[in-house]
J.: 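Sending over a structure as structure tokens; questions will come in a sec.
What you see below is based on every heavy atom in this structure, not just the backbone, and it leaves out hydrogens, waters and symmetry mates.
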Amino acid sequence: MRSKQRNQSKDNHSRITDKILDTEMDYRLASSDDPNSRNGYNHKAVLPATGSMALDTPRNRQGTFKPKLVPKYVRRLPGFNYKVLSLFAKGMSVRNIRDTVEELYGIEVSPDLISTVTDAVMDEFKSWQTRPLESTYAIVYLDAIYVKVLDAGSIDNRPIYLGIGVAEDGRKEVRGLWLGEHETAKFWLTVLPDLKQRGVAEILIAVVDGLASFQAAFPETTVQTCIVHVIRNSLSRASYRERTALAAALKTIYTEINADAAAALDAFEASELGQRFQDVVRRWLRSWERMIPFLALSKELRKVIYTTNAIESLNA
């Protein structure tokens, strides 16, 4: 029970590394003819590139287990095990990974062990992906990032859909990652029921990039379109010389208090700049109802919900 509680308190890096160590131990025991068995764990802290990380290294009865992926007595990891997973994710065969690991680290690792480790980590990820969620979130950010994916021998740009939730106590965590074919509102309609099936019953505010279908799954949620996305799209219509003036004009709209924002948009539409950028005016009018919820909030809260930059920071 104590070990289980420790594991629940760890971050994903620690849990995945523990999983790798356990898998390597199972592999060693299964591939050896000597009578041997597990004998608990040694606990230590190592320093990977991401900061201090607590590990539970399995022991065997004979005390002969010397893990290759996270060596004994080593206190500083250069991100070795994540490099192995990264090479696998980039489409390298396990034999090519073995050769690369031997060349870079001077460590001989069998292709079978690499295959066993990557399979075990995928099981850990699937468990994380389907884990129960909290029933209520104050804010949920949803967006997608495009990454290059190797599929059936060819590389294609595919969207990874991300959801970040802010719980009632202020904790901000990744709620899920979903790989799609293309970024469409239709795919989001498969993501949102997944959140509900995993226990999410109420979301107060959802910050999205023009996802009008969100309220089909959560009808009581206030949906806030990402203002930064709208501004970027608007500025892309202008030449480099005109962008400063256009950005300043648009800022007068989304920094107004709720009652004056519509009047500021009308004034922009009637201005010389608004006449020159009528397509920008039309975009703002189409998106207006989903853009304005944050205007009723304080300036401090506006900064939190007017953009999905929380996801872009995670991507970076």
Side-chain angles (χ1 to χ4, degrees), residues 133-145 161-178 183 185 188 191-192 194-196 198-236 243-244 246-269 280-281 283-316:
L133 301 177
E134 296 181 39
S135 62
T136 301
Y137 287 93
I139 306 171
V140 167
Y141 304 89
L142 296 172
D143 204 356
I145 179 177
Y161 296 80
L162 297 100
I164 294 179
V166 179
E168 292 179 290
D169 60 4
R171 287 180 296 107
K172 183 167 63 176
E173 296 179 342
V174 177
R175 301 294 88 201
L177 299 166
W178 302 267
E183 186 177 4
W188 280 117
V191 169
L192 299 177
D194 178 61
L195 294 177
K196 297 189 77 169
R198 290 162 60 198
V200 180
E202 183 180 19
I203 298 172
L204 301 184
I205 300 173
V207 185
V208 298
D209 179 22
L211 184 58
S213 57
F214 187 95
Q215 286 179 312
F218 294 93
E220 301 300 322
T221 299
T222 297
V223 178
Q224 172 66 52
T225 289
C226 175
I227 300 297
V228 171
H229 278 79
V230 176
I231 294 170
R232 287 176 182 168
N233 184 277
S234 301
L235 296 181
S236 69
R243 287 181 184 177
T244 300
L246 181 57
L250 296 176
K251 187 175 182 179
T252 63
I253 302 172
Y254 65 82
T255 55
E256 286 284 1
I257 60 173
N258 197 24
D260 298 326
L265 178 58
D266 290 339
F268 171 69
E269 182 180 8
V280 172
V281 173
R283 176 175 175 79
W284 280 65
L285 289 173
R286 283 197 307 270
S287 307
W288 188 246
E289 291 303 317
R290 295 190 299 276
M291 290 172 61
I292 61 175
F294 86 113
L295 294 174
L297 303 176
S298 66
K299 289 184 178 180
E300 290 74 20
L301 286 176
R302 288 188 192 187
K303 293 178 181 179
V304 176
I305 70 163
Y306 86 110
T307 176
T308 57
N309 275 356
I311 285 183
E312 295 190 17
S313 296
L314 172 66
N315 295 340

J.: Let me confirm one number: the CD1-SG distance from Ile231 to Cys226, rounded to the nearest 0.5 Å.
T.: 8.5 Å

J.: Nearest 0.5 angstrom please: Glu256 CD to Leu265 CG, how far?
T.: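 Interatomic distance, Glu256 CD to Leu265 CG, rounded to 0.5 Å: 11.0 Å.
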
J.: Do Leu204 and Ile139 make a side-chain contact, defined as non-hydrogen atoms from C-beta onward lying under 4.5 Å apart?
T.: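 The answer is no; the side chains never approach within 4.5 Å.
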
J.: Just wondering, do Thr221 and Ile205 contact through their side chains at under 4.5 Å, heavy atoms?
T.: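 Not in contact.
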
J.: Counting only N and O atoms by type, is there a donor-acceptor contact under 3.5 Å from the side chain of Lys172 to the main-chain atoms of Gly165?
T.: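 Side chain of Lys172 to backbone of Gly165: no pair is present.
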
J.: Starting from the C-alpha separation in whole Å, work towards a yes-or-no answer on side chain to side chain contact (heavy atoms under 4.5 Å, CB included) for Leu250 and Phe268.
T.: CA-CA 8 Å; Leu250 296 176; Phe268 171 69; 4.1 Å; yes

J.: With sequence neighbours left out, write down each residue that passes side chain to side chain contact (heavy atoms under 4.5 Å, CB included) with Glu168, or none if nothing qualifies.
T.: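 Partners of Glu168 by the side chain to side chain contact (heavy atoms under 4.5 Å, CB included) criterion, ordered by chain and then number, come out as Thr136.
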
J.: For the residue pair Ala167 and Ala138, what are the closest heavy atoms and their distance?
T.: O-CB, 4.3 Å

J.: Does any part of the side chain of Leu133, heavy atoms only, come nearer than 4.5 Å to the side chain of Arg175, both counted from C-beta?
T.: yes

J.: With a 4.5 Å cut-off on side-chain heavy atoms, are Leu142 and Leu192 touching?
T.: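 A side-chain contact exists here, since the closest heavy-atom pair is under 4.5 Å.
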
J.: Would you say Tyr141 and Val166 make side-chain contact, with heavy atoms under 4.5 Å?
T.: yes

J.: Is there side-chain contact between Ile305 and Leu297, with at least one heavy-atom pair below 4.5 Å?
T.: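 They are in side-chain contact.
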
J.: Tell me whether Arg243 contacts the main-chain N or O of Leu235 through its side chain, where contact means a donor paired with an acceptor under 3.5 Å.
T.: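 Side chain of Arg243 to backbone of Leu235, a donor-acceptor pair under 3.5 Å: yes, one is there.
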
J.: What residues form a ring-ring contact (aromatic ring centres under 6.0 Å, His included) with Phe294, not counting sequence neighbours?
T.: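 For Phe294 there are no ring-ring contact (aromatic ring centres under 6.0 Å, His included) partners, ignoring immediate neighbours.
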
J.: Counting C-beta onward and ignoring hydrogens, is there a side-chain heavy-atom pair between Glu134 and Glu202 closer than 4.5 Å?
T.: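 When only atoms from C-beta onward are counted, Glu202 and Glu134 do not touch, as no gap falls below 4.5 Å.
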
J.: Which residues pass the side chain to side chain contact (heavy atoms under 4.5 Å, CB included) test with Val230, not counting sequence neighbours?
T.: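 Partners of Val230 under the side chain to side chain contact (heavy atoms under 4.5 Å, CB included) test: Thr225, Ser234, Arg283, Trp284, Met291.
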
J.: Mind listing the closest non-hydrogen atom pair of Asn233 and Ser236 along with its distance?
T.: O-OG, 2.6 Å

J.: Is any side-chain heavy atom of Phe218 closer than 4.5 Å to a side-chain heavy atom of Val200?
T.: yes

J.: To the nearest 0.5 Å, what is the distance between CG (Leu195) and CZ (Arg198)?
T.: 6.5 Å

J.: Verify the distance criterion only: is there a donor paired with an acceptor across the side chains of Arg302 and Tyr254 at less than 3.5 Å?
T.: no

J.: Looking at every non-hydrogen atom in both residues, tell me the closest pair between Ala144 and Tyr161 and how far apart they are.
T.: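 For Ala144 and Tyr161, the tightest heavy-atom pair comes out as CB-CD2, 4.1 Å.
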
